[in-house]
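All values reported here derive from a predicted model rather than from experimental measurement. Just so it is clear, the values below take in all heavy atoms, side chains as well, and ignore hydrogens, waters and symmetry mates.
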Amino acid sequence: MASLKKHHFGFKVSDAILIPGESSLQRIAWNVSFFGALAALIILPLVKPVPYREIISFFPDGLWVTFQVTLLSIFFALILGILMVLSRMSRLPVLNLIASLYTEVIRGIPLLVQIFYIYYVVARLVQLPPIVSAVMAMAICYGAYIGEILRGGVQSIPRGQMEAAIALGLSRWQAIRLVVLPQMMKVVLPPVGNEFIALLKDSSLVSIIAVIDIFRRAREYASVKYYYFESYTMVALVYLVLTLFFSRLVTILEKRLHHGR
């Protein structure tokens, strides 16, 4: 429903963006932040074409690269996370040890250091394009965090449920697919969604190794035209709109999962 019927502090909030269970203050904060940033992105280029419209014209290709880095990184991070949780739960001590070492070492090194290490050190052995180095570094870093989230999700499901499902005649795979995974999704979706949003913001770090993302495009414009305040204001607004949008999307998915829809 897109009708407007809720009133908070003198303005209306669309039903389409109301989430059951959220407090009114949280809804107001999200609406003010999201629509305020979106309005600024639209109005500033109309009111002051120079430099704001010029800055926006610099962004499309950089925004596409940002999405590529983010989506590819989260995809490979999820694969790494699944491999890590399977290894941590393995009965083979060697696999468990390797997975534990990976998690402890990667989580103890800043992401920026990992990006530099892969780009400048690994590149001495294998020539890698900057975007491949960026995706590799971010996937390795976030794979450690996502692996721990998935492991926590698996451990949150009582073992008795698996045994009960098998006792009722389900195969092991059916028990995992129909009993364990749906419950696990409810547990891991919010933290995995948060990791995706954090990864989206951290993707700005890859600009330092010559990946032409949206932040790099803003830096290029600012260094040529000397509009530093305007360039970084616009790129901050773009990141704000994207992160708020995806955070709301994660919240909606979470609510749908909890309501079994």
- Where do Ala137 and Ile118 come nearest, in terms of heavy atoms and distance? CA-CD1, 3.5 Å

- Give a yes or no answer on whether the side chain of Gln183 reaches the backbone of Val179 with a donor-acceptor pair at less than 3.5 Å. yes

- Message: With a 4.5 Å cut-off on side-chain heavy atoms, are Leu242 and Lys201 touching?
- Response: no

- Task: Could you list all the side chain to side chain donor-acceptor pair (under 3.5 Å) pairs where at least one residue sits in residues 93-116, not counting sequence neighbours?
- Result: Arg88-Ser100, Asn96-Ser100

- How many angstroms lie between CD in Glu195 and CG in Asp202, if you round to the nearest 0.5 Å? 9.5 Å

- Task: Classify the ring geometry between Tyr145 and Tyr142 as parallel (under 30°), tilted (30 to 60°) or perpendicular (over 60°).
- Result: tilted

- Task: Specify whether Phe246 and Phe196 have parallel, tilted or perpendicular ring planes, treating 30° as the upper limit for parallel and 60° as the lower limit for perpendicular.
- Result: perpendicular

- Shared ILVMFWY cluster between Phe245 and Leu237, side chains joined below 4.5 angstrom? yes

- Query: Quick one: does Phe35's side chain get under 4.5 Å of Trp30's, heavy atoms only?
  - Reply: yes

- With Glu54 via salt bridge (Lys or Arg N to Asp or Glu O under 4.0 Å) - residues at least two apart: none

- Task: State, yes or no, whether a side-chain contact exists between Arg53 and Leu46 at a heavy-atom distance under 4.5 Å.
- Result: yes

- Query: Does Val211 reach the side chain of Arg216, with side-chain heavy atoms less than 4.5 Å apart?
  - Reply: no

- Of the non-hydrogen atoms in Pro45 and Ala40, which two are nearest, and what is the gap between them? CD-O, 4.0 Å

- Query: Which ILVMFWY residues are connected to Leu95, directly or by a chain of links, through side-chain heavy atoms under 4.5 Å apart?
  - Reply: Leu92

- Item | Heavy-atom side-chain contact between Met84 and Leu150 under 4.5 Å | no

- Nearest non-hydrogen partners of Ser203 and Thr66, listed with the distance: OG-CG2, 3.6 Å

- Item | Residues that Tyr239 engages under ring pair (Phe, Tyr, Trp, His ring centres under 6.0 Å), provided they are two or more places apart | none

- Message: Quick one, Ile55 and Pro51 - any side-chain contact, counting heavy atoms below 4.5 Å?
- Response: yes

- Message: Under 4.5 Å between side-chain heavy atoms, counting indirect links through other Ile/Leu/Val/Met/Phe/Trp/Tyr residues: same cluster for Tyr232 and Phe58 or not?
- Response: yes

- Query: Does CZ in Phe116 sit with more than 12 non-hydrogen atoms of other residues, nucleotides or ligands closer than 6.0 Å?
  - Reply: yes

- Item | Under the ring pair (Phe, Tyr, Trp, His ring centres under 6.0 Å) test, residues paired with Phe75 that sit two or more places apart | none

- Note on the structure: The reported gap from NZ in Lys255 to CG in Leu189 (rounded to nearest 0.5 angstrom) is 11.5 Å

- Heavy-atom pair with the smallest gap, counting every atom of Val206 and Ala134: CG1-CB, 3.5 Å

- Task: Apply the test side-chain contact (heavy atoms from CB on, under 4.5 Å) to residues Ile146 and Leu80: give CA-CA distance (whole Å), side-chain angles for both, the deciding distance (0.1 Å), then the verdict.
- Result: CA-CA 8 Å; Ile146 290 176; Leu80 272 175; over 6 Å; no

- Check: Leu38 and Leu244 side chains under 4.5 Å, non-hydrogen atoms: no

- Audit row: Phe34, Arg248, side-chain contact (heavy atoms from CB on, under 4.5 Å) steps and yes/no: CA-CA 10 Å; Phe34 180 77; Arg248 183 45 49 107; over 6 Å; no

- Message: Among residues at least two apart in sequence or on other chains, which ones pass salt bridge (Lys or Arg N to Asp or Glu O under 4.0 Å) with Arg219?
- Response: none

- Query: Within a strict 4.5 Å, meaning less than it, do heavy atoms of the Met138 and Leu111 side chains meet?
  - Reply: yes

- Message: Test of understanding: clusters of I, L, V, M, F, W, Y form through side-chain heavy atoms closer than 4.5 Å, transitively. Do Leu249 and Ile74 belong to the same one?
- Response: yes

- Determine the minimum heavy-atom distance between Ala218 and Ser231, stating which atoms define it. O-CB, 3.7 Å

- Query: Closest approach of Tyr120 and Ile209, non-hydrogen atoms and distance?
  - Reply: CE1-CG2, 4.5 Å

